[in-house]
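Provided herewith is a single structure, encoded as structure tokens, for subsequent inquiry.
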Amino acid sequence: GLFALAAFTSMQRTKEIGVRKTLGATTPNIVSLLVSDFLKWVLAAFAVSAPISWLLMSRWLEGFAYHTTIRPSLFLFGGLALVAVALLTVGYTAIRAAVAHPARSLRYE
């Protein structure tokens, strides 16, 4: 889903990327622009889901005779994995859009 959303967004912003490249933007600038938009949403989703999942997991584990505590490192590693997957996924489509020739995107303008 994230890959499709990133590909769709980069396709919609093709003309913007072409104009930015024509005006002198570098590939890392364009990649960071596209990745930062998605990273904000991923971090916001993690900030909302982590407390909710901690609460639900704590209540579920209370029902067992031998229950364990939930350590914050579990959420830290999960959040790092989430960010890594999002960066790889969105980064791939952003790099692919950033290295495209700007004349092709601006041809029909």
Atom pair CG (L2) and CZ (F38), whose distance is rounded to the nearest 0.5 Å: 6.5 Å
Linking Ile, Leu, Val, Met, Phe, Trp and Tyr by side-chain heavy atoms under 4.5 Å, what else ends up with I17? I30, L34
Apart from M11 itself, which Ile, Leu, Val, Met, Phe, Trp or Tyr residues share its cluster (side-chain heavy atoms under 4.5 Å, direct or through members)? F8
Enumerate donor-acceptor pairs with a distance under 3.5 Å from any side-chain N or O in residues 50-66 to protein atoms, sequence neighbours excluded.
from, atom 1, to, atom 2, distance (Å)
S53, OG, S49, O, 3.0
S53, OG, A50, O, 3.0
S58, OG, W54, O, 2.8

Selection residues 70-86 - residue pairs positive for salt bridge (charged side-chain N to carboxylate O under 4.0 Å, His left out), sequence neighbours left out: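 Listed by first then second residue: nothing to list.
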Side chain to side chain contact (heavy atoms under 4.5 Å, CB included) involving L23 - partner list, sequence neighbours excluded: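 Counting only residues at least two positions away or on another chain, L23 forms a side chain to side chain contact (heavy atoms under 4.5 Å, CB included) with V19.
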Listed partners of R13 passing salt bridge (Lys or Arg N to Asp or Glu O under 4.0 Å), at least two apart: E16, D37
Just verifying a value: how many Å separate R20 CZ and T22 OG1, rounded to the nearest 0.5 Å? 12.0 Å
Using atom types as modelled, flag every donor-acceptor pair under 3.5 Å from a side chain in residues 74-102 to any protein atom, sequence neighbours excluded.
from, atom 1, to, atom 2, distance (Å)
T89, OG1, V85, O, 2.8
T93, OG1, V90, O, 3.0
H101, ND1, A103, N, 3.3

Using side-chain hydrogen bond (donor to acceptor under 3.5 Å, both in side chains) as the criterion, list what pairs up with T26, not counting sequence neighbours. N29
